[in-house]
Amino acid sequence: PLLRTLGVSSVGTALSSLASLARTKLVAVTLGTAGVAIAGQVSQSMFALTWLATFGTSAGTTRYLSEALSRDDQPRAALVVRTAAALLAAAAALLVAAGLLAAPHAAAWLFGSPAAVRWVWWLLPAVPAAALMSLSTALLRGEGQAQRLALGQAAGACAAIGATYLLLR
């Protein structure tokens with residue numbers, strides 16, 4: 001089981017890496033080097049927002065869910081899931097609201113112009129999506145579902161390429 005899990009996890013990581021390379025190439029071909037720099041800023045900003053939206057709860061959710069399931073304590077497992085989901089939903093909602101209010105400032109900081117506010121609005125749905133992905137990842141790890149986790153990583157990587165394409169059109 002360990003080798004199989006490692007293999008599946010490696011495939012998911014490889015697909016994510018290839019998707020990242022494809023996204024960067026798509027941006028570079030479409031927008032040039034300046035576009036790659038902006039894409040890097042957006043990526044790092046999303047990383048920071050994801051961290052803020054999740055409070056680093058992924059490891060704790062994985063641990064407590066795994067413990068509850070190993071004891072066959074379904075009520076405790078359900079409590080872990082509900083608590084993590086409520087925390088992530090509240091944090092994501094607050095960040096999206098703050099993003100809507102600060103969109104002109106974020107556009108000026110990220111894209112060099114307050115006029116790029118539509119790009120910020122377009123990126124805001126990624127905050128709750130990232131929180132949902134974090135929760136899903138923690139739950140799948142807590143349940144020991146390595147194959148589903150790898151499939152989710154691959155689906156997320158493909159969605160990121162599609163989102164990049166739509167943003168650049």
Side-chain angles (χ1 to χ4, degrees), residues 12-13 15-17 19-24 26-27 30-31 34-66 68 76-143 145 148-169:
T13 301
L15 287 173
S16 292
S17 295
S20 178
L21 181 63
R23 274 193 329 264
T24 302
L26 183 61
V27 170
T30 307
L31 299 177
V36 173
I38 290 172
Q41 288 176 312
V42 169
S43 178
Q44 289 304 309
S45 297
M46 287 308 303
F47 180 75
L49 287 172
T50 300
W51 180 81
L52 286 172
T54 62
F55 295 118
T57 58
S58 185
T61 301
T62 299
R63 175 183 171 202
Y64 294 120
L65 180 61
S66 181
R76 175 84 172 150
L79 178 63
V80 169
V81 172
R82 283 193 311 270
T83 302
L87 283 171
L88 294 178
L94 287 172
L95 286 171
V96 168
L100 287 171
L101 293 173
H105 300 293
W109 180 65
L110 281 173
F111 306 115
S113 169
V117 74
R118 287 181 181 241
W119 280 43
V120 173
W121 291 339
W122 199 91
L123 292 170
L124 285 176
V127 174
L132 181 61
M133 286 293 289
S134 176
L135 178 62
S136 300
T137 299
L139 295 178
L140 290 172
R141 283 186 179 143
E143 293 177 355
Q145 298 287 329
R148 288 185 181 169
L149 179 57
L151 182 61
Q153 287 176 331
C158 292
I161 292 172
T164 301
Y165 173 77
L166 290 174
L167 185 60
L168 295 174
R169 281 186 2 153

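Checking each of Glu143, Arg76, Arg141 against Leu65 for a side-chain contact (heavy atoms from CB on, under 4.5 Å) leaves exactly one that passes, namely Glu143. Of the candidates Leu87, Leu140, Thr57, Leu88, Leu88 is the only one forming a side-chain contact (heavy atoms from CB on, under 4.5 Å) with Leu135.
Without hydrogens or angle criteria, Ser134 side chain to Ala130 main chain gives no donor-acceptor distance under 3.5 Å.
Heavy-atom minimum distance, Val117 versus Ala107: N-CB, 3.6 Å. Minimum interatomic distance between Val96 and Pro128 (heavy atoms only, all atoms of both residues): CG2-CD, 3.6 Å. The two atoms that bring Pro104 and Leu101 nearest to each other are CD-O, 4.2 Å, heavy atoms only. The minimum heavy-atom distance linking Leu139 with Val81 is given by the pair CD2-CG2, 3.5 Å. Here the closest non-hydrogen pair linking Ala77 and Ala68 is N-CB, 3.6 Å.
Judged as a side-chain contact (heavy atoms from CB on, under 4.5 Å), and not counting sequence neighbours, the contacts of Arg82 are Ala78, Leu79.
Here Ser136 contributes atom OG and Met133 contributes atom CE; the two are 6.5 Å apart, rounded to the nearest 0.5 Å.
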